[in-house]
Every structure is written in C-alpha cells, then in structure tokens.
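To keep things clear, I will list the structure first and then write my remarks on it.
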2 protein chains.
Amino acid sequence: MPAESDCTEMLDSETKAVETPEDHADELRLWLRLLTCTTLIEGEVRGRLRQRFDVTLPRFDLMAQLDKAPDGMTLSDVSKRMMVSNGNVTGLVERLVESGHLDRRTSETDRRVQVIRLTKLGRAEFRKMAAEHETWIADLFADLSPKDVRELMRLLAKTKSSAQKSAARRRA
Amino acid sequence: MPAESDCTEMLDSETKAVETPEDHADELRLWLRLLTCTTLIEGEVRGRLRQRFDVTLPRFDLMAQLDKAPDGMTLSDVSKRMMVSNGNVTGLVERLVESGHLDRRTSETDRRVQVIRLTKLGRAEFRKMAAEHETWIADLFADLSPKDVRELMRLLAKTKSSAQKSAARRRA
DNA sequence: CCGAATTGTTTTAAGCCTAAAATGTTTTCA
DNA sequence: TGAAAACATTTTAGGCTTAAAACAATTCGG
C-alpha cells in the first residue's frame, strides 16, 4: 500500500512510465454517473414525445437541427451535428420525407449533395413539440439552481474539450 | 421586453400560473451539452472496444454488471441496472450465452426467473477489457482536475435526483 | 382454495444505429 | 487532361432498442 495514494506526480519512480497501475476509479464513476443522467433524461424525453406526439426522439432531433437552418442542410451536415453515421441519416430522412415533414432535393451546384429542409407541416409540428419539450427539460432540471446550471455548463464544456482532445490523440 | 429578464419569482403577476412564457433556454443548452458529452465519449469507447477487442458496447456493459455480481443476476435486475428494456436484455444474453461468455439457468425457487452469470471465459475476457477501458476513460477525462471531478460528481448527483423526481411526478 | 393481480420473461413489429463496402460526383495535381 | 484522391450519399449486413402484447409462474385477498 503506497503511503501517498492520491499523488499525481510519481516522484519515487525513475521514469514517468507505467510503473504503478494508477487508480482511475473516480473518473470511471464520473463516467457512469454522466451516462446514467443522460440515459435517464433521454428515456424520459423519448417517452413523453411518443405519448404526447407519437414521434420518436431521433426524428425530433433531426427536425430540431433543421429548424435552426431555414435554408436547409446537407445530409453530411446533419450527420456531423447529430453525431450519428451517414447511413443512419439516410434512413431517418427517408421516413420523414415519406411522412411529409421534410423536403429533399439535390443541390444545383453539386450533384453529390442532398439538401433537406423542413416542410411547412414539419416546421409547424416541430414548433409545437419544441415548446412543450422545453418545459419538460426545465422540469427535469428543476432542482438545479441557476448557479448549478452555470457551473455544470462550465464543467461539461471542459469535459467535451478533454474528450475531443483524447479522441484526436487516438486518431493521430 | 421585461425589465428583469432573469428573475425566478414573479412578483408582478397576480398568480404564479403560466402568465409569462418562461425562458428555459439555459436548461435546454445544458441538456444538449450533457448529451453531446455522453455521445462523444460513448462513441469513442464503442470504437475502441470494437477495434481492440471486437466487442460491442452493450455486451461490455452487460458483462460489467455481471462482474460485480459473482452470484449472478436475474434478467430483471440487469434490465433495471442497465436502464434498458426487458426484451433488449433477452437478446443480448442470448448472444453472449451463444458465444460462451455467459451461463444462464432457471432459478430453483422461482421458475419464472432466469439467473445469468459470467463464465470463466467471460470473466477473464471482461477483466482484460475492463483494465484497458479504465485507462481510456481516464484519458478522456484527463483535462479535469480532481476538484473538477468531485464537483461534476456532485452536480450530476443533483441532476440525477432532480430528473428522477420529475419522472416520478409524471408517472403519478 | 381459487380467481385476480402481479411479476419475470419472451415475442413481435418496427425503427434505430453502426461499420464497411459500393456508387456516383467533384476536385486535385502531375 | 486525366488518373487518383477526396467527398457525399446509399447500400448492406448485422446488431441494438423500444413498446406492447403474449405467456408463464407466483402471490394475494377473499
């Protein structure tokens, strides 16, 4: 048992290499808690969307992206924004075009590109859903003070950037 | 435009009822950021598990639950712990039994119940994966100081309890 | 004790999701 | 210019996921 179990610098080993198997239990717990929160909230939102509007969460998310882009988006844009695979978007869009919520057309200037937009119907339905959705979220986070919210925002921003860097390191 | 846009108490309206459409943009942004972090990290872990061990994230998660329960768990327990549907667990277990990682038997005392355990192979493989997995998580959160980690843990605990209460309110 | 509610699991139908390969289009650059 | 690289999307194969219905076993209340 090491005398100083929480040290971050390894003064007693010659190199900084993997001598002592470091303890990362806290980070692991943090990750599990983060995952729990997200799963909990996501499940709740999914259920409410289905019950109240008979719509799936992925469809709602896609429409939310498009609502912010009146001039439309390409499938790639959507895929990056939603952080899902290209093929996934293809299928989602297919179903939303089918149901009349989306309009899809090939770009005039680049025939590889598909531009999608919300139809009038799609936009109207989304706005209705979004208004209620916002109150659900507010309720789900109701116990957090404005200060908590700010602090959580800050720490999650740091988390995001940390994870992005780690992902970039791996790809390198 | 209200003079005091960030007030939480509505001193100027007769009742506390839904007079002014309150602004919950901050909570919404918080939720999106939470979701982004989780999606980012989850995707990274999923990719590393596949590349390194040719295993899917749900399989890993299920094995993680069982590793903590040497005497096995029932499918319901697993379903609750993983926060996924029952039918989902049925399928996952089927595939993991098939590949020799899990052992499944009907309870002696209640013939409705299926008890599943890691096999020797399953436990050995999981331990190998878990060790590496922990270093990935540590790396993904590397930019967070110990204090950040503690603070995030605290705020996420608060978030979880808030969301659970909200979910309970809805079910009521 | 027996019917009704409850509990644990599986099945079903539909949709979501991914990685990888395939297809078609545009850009790059030698 | 024309082959090669890069890009946008679709297809494919397989697995994950859910909600709801169906099935089976146990428990509960009268």
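Here the structure is a predicted model, which means the values were calculated and not measured. Heavy-atom basis, side chains included; hydrogens, waters and symmetry copies ignored. Note on naming: letters A, B, ... go to the chains in the order of the sequence lines (proteins, then strands), and numbering restarts at 1 for each one.
- A 4.5 Å side-chain heavy-atom check between A/L30 and B/I137 finds every atom pair outside the cut-off.
- Applying the side-chain hydrogen bond (donor to acceptor under 3.5 Å, both in side chains) criterion to B/R150, with sequence neighbours excluded, gives no partner residue.
- Sorted by first and then second residue, the ring-ring contact (aromatic ring centres under 6.0 Å, His included) pairs with a member in residues 134-160 of chain A form an empty list; sequence neighbours excluded.
- Every residue meeting the salt bridge (charged side-chain N to carboxylate O under 4.0 Å, His left out) condition with A/R52, not counting sequence neighbours, appears here in chain and number order: A/E132.
- Residue pairs meeting the ring-ring contact (aromatic ring centres under 6.0 Å, His included) criterion with at least one member in residues 85-126 of chain A, sequence neighbours excluded: A/F60-A/F126.
- Each of B/D110 and A/S85 was matched to the nucleotide of DNA chain C holding its nearest heavy atom; the match closer to the 5' end belongs to B/D110.
- Residue B/V113 shares its hydrophobic cluster (ILVMFWY side chains chained together at separations under 4.5 Å) with B/V115.
- Judged as a salt bridge (charged side-chain N to carboxylate O under 4.0 Å, His left out), and not counting sequence neighbours, B/R117 has no contacts.
- With respect to A/E98 and A/R95, no salt bridge is recorded, no charged nitrogen being found less than 4.0 Å from a carboxylate O.
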N/O contacts under 3.5 Å, protein versus nucleotides 9-12 of chain C?
| unit_1 | atom_1 | unit_2 | atom_2 | d |
| --- | --- | --- | --- | --- |
| C/dT9 | OP1 | B/L75 | N | 3.3 |
| C/dT9 | OP1 | B/Q114 | N | 2.7 |
| C/dT9 | OP1 | B/Q114 | O | 3.2 |
| C/dT9 | OP2 | B/L75 | N | 3.4 |
| C/dT9 | OP2 | B/S76 | N | 2.5 |
| C/dT9 | OP2 | B/S76 | OG | 2.6 |
| C/dT10 | OP1 | B/R104 | NH1 | 2.7 |
| C/dT10 | OP2 | B/T90 | OG1 | 2.9 |

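- Side-chain contact between B/L140 and B/R48 is present, with at least one heavy-atom pair separated by less than 4.5 Å.
- In the helix from C/dC1-D/dG30 to C/dA30-D/dT1, the terminal helix axes, each the rotation mapping four pairs' C1' atoms onto the next four within five end pairs, subtend 20°, rounded to 10°.
- Looking at residues 35-69 of chain B, you'll see B/T56, B/P58, B/R59 sit with a heavy atom under 4.0 Å from some atom of DNA chain D.
- One finds no salt bridge joining A/K128 and A/E125 here, because no Lys/Arg side-chain nitrogen approaches an Asp/Glu carboxylate oxygen to under 4.0 Å.
- Under the rule for a ring-ring contact (aromatic ring centres under 6.0 Å, His included), A/H24 has no partner lying at least two apart in sequence or in another chain.
- Between chain A and DNA chain D, the heavy-atom contact criterion of under 4.0 Å yields a 5' to 3' nucleotide range of D/dC7 to D/dA20.
- A search for salt bridge (charged side-chain N to carboxylate O under 4.0 Å, His left out) contacts involving A/D67 returns A/R123, A/R127, not counting sequence neighbours.
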